[in-house]
Structures are given as structure tokens and as C-alpha cells.
Amino acid sequence: MSELTPSPVSSPTKTTVDVTPIKNTHNSYPPCEALPGHKKYYEKMAHDSDLHWIGPKPLENFFADHMHLDEPVPNNLVGRKYFNKIPKAGKEAAMYPALKKLIEEAGLLGSSFAVIDTSNYRDPNAYDGTQLRPDVGIFPADDNNATTPLAPTASDNESGDVDANPEDFSGDSDGDSDTSDSGDDDESVDDELGDPSFVFTADQKDGPTIDCSFEKNILPFELKGDNTTPFQDPGNKVQGEDRKKYPFQKIRQKDILLRGQLAGVITQICSRQHRTRTFMVFMNVKEARILYHDRSAIIVTEAIKYRTNSQALAEFLWRFARLTDEQQGIDKTVKVPTDEQRNAAMTALSRWAPKKERPVVVLEVPTEDGKVRDFAVWGAMAEPKALTGRATRAYPAYDLEEKKVVFLKDTWRADCEGMEKESDILKELNAAGVRHVPKFQYGDDIPGIYHSTITQDDIDAAWRAGPIAKLCKRIHHRFTEDFVGNHLDFFKTPKDLMAAINHAVIAHQDAYLNCSILHRDVSGNNVLMGDDGEGILNDWDLAKRIPTEIANPERWAKMSEKEKEVDKAKIKMGRRHPYRTGTWYFMSNFVLRYPGKIADLFDDLESFFWVAVFFTIQYLPCAKRDEQLSNLIRNVYAQCTHDPDTGLYMGGEGKYAALTRMSDSPVRKLEFHNNKPLTKWIKDVLSAFKQLTLFNNSSREDTTDLAISRAEKAGANSDLAVARAQVEFMLPPLPEQILLRDHQSFIALFTGALNEPGWPDNRKKHATVFQPPSTMIQMQVALGLKRKSEGPGMSISKKLKSSETTMSYQAGPSYCMPEIVPPSSPEPLQRPKRQMKPMPPAKTTRGSGKKNN
């Protein structure tokens with residue numbers, strides 16, 4: 001295995017692959033790594049979306065499935081070579097005004113939409129590191145979208161922003177030229193640029209009177225001034241299993257980065273808009289492809305030879321302009337508020353005001369009587385950062401009927417057998433009297449065909465080429481809770497912090513014993529605090545039912561036979577998410593070391609321990625230098641390797657060592673100033689986990705040895721036998737000397753420490769930022785800690801002081817810890833062997849005015 005460092009992804013040999021979803025604490029990179037610029041961002045997005053591109057879908061199928069219209073399409077929207085007027089030599093920038101003029105002159109979009117060259121305009125309300133600039137965009141042309149011109153961004157490079165030096169990855173630095181292997185020879189293309197009536201100025205710029213922000217861009221275009229393309233079609237002769245193995249996703253570095261660029265643009269649009277699906281157009285000098293995205297995957301059309309088949313591209317634009325808002329992907333359950341509603345919401349939600357400009361919108365939440373209830377929201381606590389997946393948005397929301405603030409969650413849940421709705425889980429927890437969990441109010445799945453994904457339905461299509469990840473249908477789910485929590489960053493005293501985490505453990509115990517439900521995603525973002533200091537365990541969307549016979553044998557013994565049958569029916573053993581769940585920083589050592597492991601009670605308890613240690617070392621004075629704490633985070637929390645043989649992420653070795661090797665454990669050596677109760681608690685809990693971990697590990701090793709022995713005797717594959725044994729492993733009964741046996745023994749350690757005298761009130765105002773001084777400012781921006789008041793003239797010392805929290809509300813695109821697993825990987829999945837060239841260093845273009853893609 002190799003230590004994990006960001007690098008391009010590669011392709012698996014399997015046609016369907018188990019993929020660990022990308023989740024993380026702050027962002028996708030270790031805390032001690034420099035801030036990702038556009039190049040790093042593209043790598044991340046390519047990695048996140050790897051094996052989620054389904055193509056090449058025939059255009060007629062694409063139109064029928066995603067752009068159906070009742071009216072017939074005119075046969076001759078444009079001439080056969082109409083789009084051949086787009087320059088095919090010279091600078092990419094010359095393509096933008098040409099495309100704009102051709103679309104407008106053909107009248108393909110009518111008067112309702114405007115084509116805007118956005119290549120030199122950056123959305124000022126995108127967070128640092130994500131201020132991408134699509135080349136061309138289609139925008140609504142209504143009066144409500146008029147605004148003052150946006151300032152061009154050529155001069156933005158002088159500001160010192162972190163994304164000021166993205167590299168243009170479209171150039172063929174190695175001298176070869178991409179071609180699309182679609183099976184047909186290109187026709188000769190006449191050069192029609194000599195027409196004096198059709199003149200384009202390469203440096204022509206729009207001074208838009210239309211809002212060019214991501215919130216308004218309904219159809220982005222990405223253009224390349226050469227033959228670069230991230231996809232390759234296998235041709236009609238490649239069919240069956242050969243087609244499924246054909247590498248549809250190209251694997252050269254620049255192709256991977258371009259795929260990441262496409263993913264990044266769609267991700268930003270979806271994070272800023274309320275969309276159920278998104279269209280995008282990719283074009284190079286030779287071909288075009290249309291993309292269709294929902295929260296399961298991205299459909300990619302076959303290559304369109306637009307220079308000799310201009311009708312195909314014209315038909316797409318003509319159809320798009322005539323789709324309903326819902327067909328285009330606009331979520332009609334999101335409404336524009338009245339002025340009165342907007343003002344009331346901004347007043348009520350001022351405590352959580354977004355740090356970037358975001359509109360107030362009204363969200364409809366389903367109620368049990370089949371009606372809806374309206375809630376006004378003003379910027380999400382976290383904006384979705386992944387192209388596919390849950391895309392969770394968490395909001396403080398203003399109830400327009402009861403005139404109070406509540407919590408609203410909007411997510412795309414996995415519709416897998418055995419996975420329950422989070423709203424139903426909350427109802428059950430509330431009915432069972434589970435302590436320290438939110439009170440459910442309203443909500444359910446949002447009805448309608450546009451609120452469930454369909455891209456997963458094309459997995460088995462005959463036209464599909466290349467390996468693909470295991471996908472599941474996702475359904476739009478929205479609900480409210482009568483609780484808006486504070487992040488653990490905002491605890492007042494060390495004792496308050498530990499009491500809040502203890503409350504969350506109690507909630508976990510009640511849910512486990514009374515409802516046989518295991519949380520499975522204990523993290524620093526899911527343990528919250530009320531204004532009164534009460535700890536709350538939130539986010540139950542990854543929870544799983546456990547057989548009551550295992551969770552609570554005493555309750556099982558008292559159940560009737562009928563109740564037992566009902567319990568067994570609920571379990572549906574073996575049904576779970578098609579990937580490992582949790583948040584990387586806080587997963588247990590065993591879940592990280594054995595990716596196929598099904599999380600159990602002791603994994604969640606260990607996660608609570610890592611939450612406690614994380615926040616204590618961030619905010620409480622201790623006898624360690626910041627550099628030592630930085631190493632602890634990097635080596636224990638962020639430690640991650642990638643196994644190129646299996647394509648799996650592996651971690652947990654740092655945690656295992658910290659729990660079991662007491663002589664050199666960086667956690668055991670923690671000493672907190674004037675805080676003997678906390679110092680003693682960490683040592684006591686560490687000793688208890690050492691016993692449990694060593695016993696667990698020894699039992700697993702015995703199981704592995706037995707599996708290898710049996711496989712060798714039977715002449716079977718020992719690697720498969722070991723993998724199966726690890727998945728099916730069940731911890732044997734614990735010996736009497738094991739102290740940490742259940743929730744109650746863990747809670748007793750909390751109670752004992754909280755009852756000790758001598759808890760101080762000291763805490764640091766600012767979080768420890770785990771970054772060497774030379775790149776401290778970059779890390780602040782990476783963690784979303786850079787404030788609006790900062791600028792090129794702000795001193796370093798002042799910038800350092802502005803870092804206040806690790807994961808506080810509205811701190812940018814990675815202010816908290818929503819989904820992520822490891823930092824980026826060199827080769828997250830197996831692909832056909834191909835030598836990758838090293839990344840060229842980023843080019844500095846500051847002040848040049850050149851567009852960086």
C-alpha cells in the first residue's frame with residue numbers, strides 16, 4: 001500500500017464496483033496539506049465522480065428519456081454544417097462569441113433565454129476554491145434577473161485568492177491530439193470562416209446585464225479549443241461484455257482533470273440552486289456531448305459531430321428551451337417569498353446569516369394529511385460538495401405559520417431495501433421516549449416523478465460502455481425538527497463539552513436498547529448542543545436496525561412470538577447501504593482497517609471517544625505544541641492508505657496504535673492544563689479501549705487464520721476466504737476482565753469524570769489550526785475560516801486571529817464535516833494499466849488576464 005496523496009484516478013477491471021463514498025471532516029485533503037486550487041479541486045471532483053459517468057447514450061434515447069416534447073421537432077432547424085462556423089484553430093476564447101452568435105441567430109432558444117459568455121466572470125458569492133467560470137451559460141432573460149454588470153475577473157488574480165492560479169488543462173502538452181473513437185470516419189469539414197458577414201472578435205466580452213451567478217445558470221457549456229475529451233465511444237462493433245469492459249472514461253491525466261472540471265461546474269450549480277436534475281454541454285473543436293445529471297449518476301450522450309451534423313446540437317437547444325421548468329430540473333417545491341416573508345425570515349434567522357450572499361427561499365415540507373407547510377430558509381449551514389449522493393442541506397428555518405425557528409433537513413436518501421426514512425426513524429425514537437434526540441415535526445419523501453433519480457436505470461442498457469459503480473435509486477426527502485443545535489465548537493467550558501457528548505451517548509444507548517437502532521455515523525458534526533447545554537445526537541439517516549436478540553437480549557426474552565416475527569421482518573438481515581458508512585475522521589479503527597466490516601456497537605462507542613479527543617485538543621490548553629497536535633491529527637485521524645490491488649481505502653492503523661501502544665500513544669500523552677478530571681478520563685477510556693481492541697483484534701486474527709487454513713485444505717482462494725470471514729466475523733462473548741462492555745460501562749466513565757471536582761472554565765477562543773506557519777493562511781481558507789473582512793492588505797497576524805472555529809456554521813464550502821471519507825487517493829479503483837505522466841506544476845498567470853479553466 002502507498003500513503004495516500006492526491007493524484008489522478010484510474011479505471012477498474014470489474015464492470016460494477018463497490019465504491020466507498022467520499023466523506024471527510026473539513027475537506028477532502030489532510031489537515032496538513034496545502035489548500036486545493038482549481039487543479040486539486042478538479043482532481044477531487046474527478047475522484048468523487050469516478051465510475052458515475054454512464055454512456056455513450058444514443059441521442060434518440062436521450063431525447064426520448066430526458067427531453068420528451070409533445071410537439072414535433074422541425075427537420076431543418078439549421079443547415080447541416082451550421083456550427084462549422086465555430087473556429088477550430090487558434091485560441092479557445094474565439095469559440096465563445098461564435099457559439100453565442102450562432103445560437104442567437106438561429107433563434108433556437110427563443111426570447112426567454114440569453115446566451116452569455118461567462119468565461120471572464122466569476123461568481124463573487126462562490127466560496128474560495130470553488131469560484132469556477134463556465135465558458136458559456138444559458139440564463140433566464142426575464143426582468144427579475146436583470147442586475148448590474150459583474151466585474152470581469154481578469155484582475156481578480158491580483159487579489160491573492162487561492163484559486164488565482166488554476167491551470168488550463170486543455171492543452172496537449174505532450175504533443176499528441178485526442179480523437180473520439182466513435183466508429184465513423186470524419187467527413188471533410190469545409191472552412192466557412194471566410195464569410196465576411198460572420199465575424200467573431202476573439203477578445204469580445206459581454207458586459208452582462210444579466211445575473212451570471214451559479215444561482216441563475218441553467219445550462220452551462222464547457223468548451224475546449226482542441227480535441228481533448230474525457231470520454232471515448234467504443235463504436236457499434238463492440239457489444240456485450242466487451243462493451244461493458246471498454247474504458248468509456250479516458251484515463252490520461254488531462255482527461256481525468258477535464259472530467260473533474262465538468263463535475264465541479266455541475267456540483268457548484270446544484271449547490272447554489274434547488275435542482276432535481278441538471279443538463280450541461282461539453283464541446284471541443286470536433287465533437288459535442290450532452291450531460292444529464294441527477295443525484296445517482298451522470299448520463300453522457302454519444303459524441304455529436306456538430307460540424308457536419310449541426311441539426312443534432314440544434315435540436316438539443318431547441319428542445320431544452322421548450323422543456324417545462326420541472327423537466328429542466330427546477331424544484332417547484334421551492335418558491336420565491338413575498339417581501340413580508342423575506343423580511344420576517346431574515347430577522348428571525350439573522351443569527352445564522354450566510355457569509356456569502358444567498359437568497360431567502362420558501363421550501364414546501366410534506367405533512368401527514370397530504371398537504372404542505374411552508375418554511376423560509378436563508379442559506380444552508382452546509383452546501384452539497386459532492387456531485388452525487390445525499391446532497392444534504394441543513395437549514396435553520398422560519399416556520400411561516402407558527403412564526404418560530406426550527407431545523408429543516410433536505411436530502412436525497414438512498415432507496416435501498418432495508419434502509420428506512422430518517423423521518424420514520426425519528427418518529428420511532430420520539431415515540432419510544434429516547435432521550436437527547438431531536439423532536440420530529442413534519443416531513444416525508446417529496447412526491448412526484450422529478451423527486452427520484454432515474455440515471456441508475458441505465459446501468460444495464462445495451463449501449464452502456466465501461467465499468468460503473470454500484471448505484472442505487474435516491475429519493476428527495478425533506479423534514480423539520482423542533483431543535484436548532486449549536487456546533488460543539490461553541491461549548492462554554494470543558495465540562496459542558498463532555499456533558500454534551502455524554503448526553504449523545506445516552507441517546508445512542510436509548511435508541512439501541514429500546515428501538516434496536518444503531519446510529520453508524522457518530523461524528524463531530526452530528527453531536528450538537530442546545531442553548532441550554534443539552535447534548536443532542538442528530539442525523540439518523542445512516543442508522544440501521546439491529547436484531548433485538550443482539551441489541552437487548554433481556555427485551556427479546558420478554559417479547560411474544562408475534563413480536564419476534566415482526567422484529568425479524570424489520571431487520572432484513574444483510575440489507576444495508578452498498579458502501580461503508582460514517583465520517584472518516586471519527587470512524588473506528590476496525591471499520592477503517594476492514595472496509596467490509598459491518599459497524600457494530602463498539603465501533604460507534606469508539607467514534608464518541610474520537611469526537612471528545614478532537615474537540616479537547618482543538619480548544620483546551622494542553623502540554624503539546626501545535627506541531628505535535630498537528631501530527632496527531634494527521635497520523636491518527638487523517639491517516640489513510642490506498643490498496644491498488646483491491647481499489648479500497650484503508651485507514652485506522654494510527655488509531656489502532658494510539659489505542660494499544662501505550663508507550664508511544666500520542667493520545668495517552670495528552671495532559672490538559674489545570675484539568676485533572678479530563679486528563680484522567682482520557683487515560684481511563686484509553687485503557688478500557690485498549691483491552692477491548694486487543695481482544696477484538698486477536699479474535700479477528702484467529703478467524704483469519706482459520707479461514708486461510710480451511711481454504712488451503714479445500715484448494716480455494718484464501719484471499720476470498722479471508723475477506724468473507726472478516727465480513728461475517730462476530731465478536732465472541734467478552735471475558736470478564738474487559739471493562740468496556742456496553743453503553744453503561746462507557747457512560748460510567750463519563751459520569752465518574754463529570755462528578756470529579758476541579759473542572760476549570762478555561763478554553764481557547766480560537767481553534768488550533770493544524771498547519772505549519774508557512775501555509776497557515778492557506779489552511780484557514782481551506783477550512784472556510786477566512787472572513788469577509790480579509791483581503792490582500794490584511795496582515796498575517798490579523799488573519800491568524802480571525803480563525804475561531806474548526807467547523808462552525810456558514811464557514812464556506814467545507815466548514816463542517818458532512819459526508820466524506822478519506823483524503824483523495826492516487827488510484828481509488830483498479831483500471832487497465834497505463835502509465836501516467838506526472839502533473840506539471842501550476843502555471844502562474846497572475847495579472848495576465850488569461851482565463852484559467
Side-chain angles (χ1 to χ4, degrees), residues 38 78-79 81-106 108-109 114-122 132-139 150 152-157 166-173 175 177-180 186 188-208 210 212 217 219-230 254 258 261-262 265 280-289 303-310 313-314 317 843 845 847-853:
H38 279 187
V78 295
K81 299 180 180 180
Y82 180 73
F83 286 111
N84 191 38
K85 297 174 182 178
I86 295 175
K88 54 184 176 180
K91 292 185 177 181
E92 175 187 313
M95 299 174 69
Y96 312 151
L99 177 63
K100 170 180 165 63
K101 184 174 181 180
L102 287 167
I103 294 174
E104 291 173 343
E105 290 195 347
L108 298 171
L109 299 175
V115 187
I116 301 296
D117 175 355
T118 55
S119 61
N120 206 36
Y121 295 89
R122 179 167 52 185
L132 310 181
R133 289 167 283 187
D135 296 323
V136 175
I138 306 297
F139 296 82
L150 300 178
T153 56
S155 61
D156 285 349
N157 288 345
E167 187 171 351
D168 187 344
F169 303 110
S170 64
D172 284 303
S173 59
S177 177
D178 272 345
T179 58
S180 176
D186 291 337
S188 61
V189 180
D190 297 330
D191 187 354
E192 300 179 4
L193 294 178
D195 183 351
S197 66
F198 210 85
V199 177
F200 310 107
T201 305
D203 60 354
Q204 173 183 338
K205 298 292 180 223
D206 286 305
I210 285 183
C212 292
N217 192 337
L219 179 61
F221 285 69
E222 184 57 43
L223 282 67
K224 292 300 171 190
D226 57 16
N227 291 335
T228 303
T229 175
K254 63 178 179 181
L258 175 52
Q261 183 178 4
L262 300 178
V265 170
M280 184 176 185
V281 178
F282 167 73
M283 297 176 67
N284 60 23
V285 297
K286 181 179 179 182
E287 66 185 36
R289 293 180 189 267
I304 303 169
K305 305 295 186 179
Y306 66 87
R307 292 190 181 276
T308 55
N309 182 17
S310 295
L313 180 57
L317 294 168
K843 297 176 183 177
T845 58
S848 67
K850 179 182 176 182
K851 182 214 171 204
N852 297 293
N853 291 331

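When reading the values below, keep in mind they use all heavy atoms of this one structure, side chains included, and skip hydrogens, waters and symmetry mates. Since the structure is predicted, the reported quantities are computational estimates derived from the model, not experimental observations.
Side-chain N or O atoms of Thr118 include none that pairs as donor or acceptor with a backbone N or O of Arg133 at under 3.5 Å. Not one N or O on the side chain of Arg307 forms a donor-acceptor pair closer than 3.5 Å with the backbone of Tyr82. Side chain of Lys81 to backbone of Thr308: no donor-acceptor contact under 3.5 angstrom is found. With Arg289 contributing its side chain and Pro230 its backbone, the two residues share no donor-acceptor pair below 3.5 Å. The closest donor-acceptor contact from the side chain of Asn284 to the backbone of Thr228 lies under 3.5 Å.
The shortest heavy-atom contact between Ser310 and Gly79 is CB-O, 3.3 Å. The heavy-atom pair separating Pro87 from Val285 by the smallest distance is O-CG1, 4.4 Å. The shortest non-hydrogen separation linking Pro134 to Leu132 is CD-O, 3.7 Å. The two residues Glu92 and Leu223 make their nearest non-hydrogen contact at OE2-O, 2.9 Å.
Here the side chains of Leu317 and Leu219 are in contact, with some heavy-atom distance below 4.5 Å. When side chains are defined from C-beta on, Lys101 does not count as touching Val115, because their heavy atoms never get closer than 4.5 Å. Contact check for Glu287 versus Thr229: side-chain heavy atoms found under the 4.5 Å cut-off. Lys224 has its side chain within reach of Leu258: a pair of non-hydrogen atoms, C-beta onward, lies under 4.5 Å apart.
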Decide yes or no on side chain to side chain contact (heavy atoms under 4.5 Å, CB included) for Leu262 and Met280, but give the supporting numbers first. CA-CA 8 Å; Leu262 300 178; Met280 184 176 185; 3.7 Å; yes

Using side chain to side chain contact (heavy atoms under 4.5 Å, CB included), reason through Leu99 and Phe83 one step at a time and then give a plain yes or no. CA-CA 8 Å; Leu99 177 63; Phe83 286 111; 4.3 Å; yes

Go through the steps for Ile86 and Met95 under the test side chain to side chain contact (heavy atoms under 4.5 Å, CB included), then give the verdict. CA-CA 6 Å; Ile86 295 175; Met95 299 174 69; 4.0 Å; yes

Residue pair Lys286, Tyr306: steps toward the side chain to side chain contact (heavy atoms under 4.5 Å, CB included) verdict: CA-CA 7 Å; Lys286 181 179 179 182; Tyr306 66 87; 6.0 Å; no

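Of the inter-residue distances, the one linking Gln261 atom CD with Phe282 atom CZ reads 9.0 Å to the nearest 0.5 angstrom. Once rounded to the nearest 0.5 Å, the distance linking CG of Asp226 with NZ of Lys88 reads 14.5 Å. Going from atom CD1 of Ile116 over to atom CD1 of Ile138 covers 8.5 Å, rounded to the nearest 0.5 Å.
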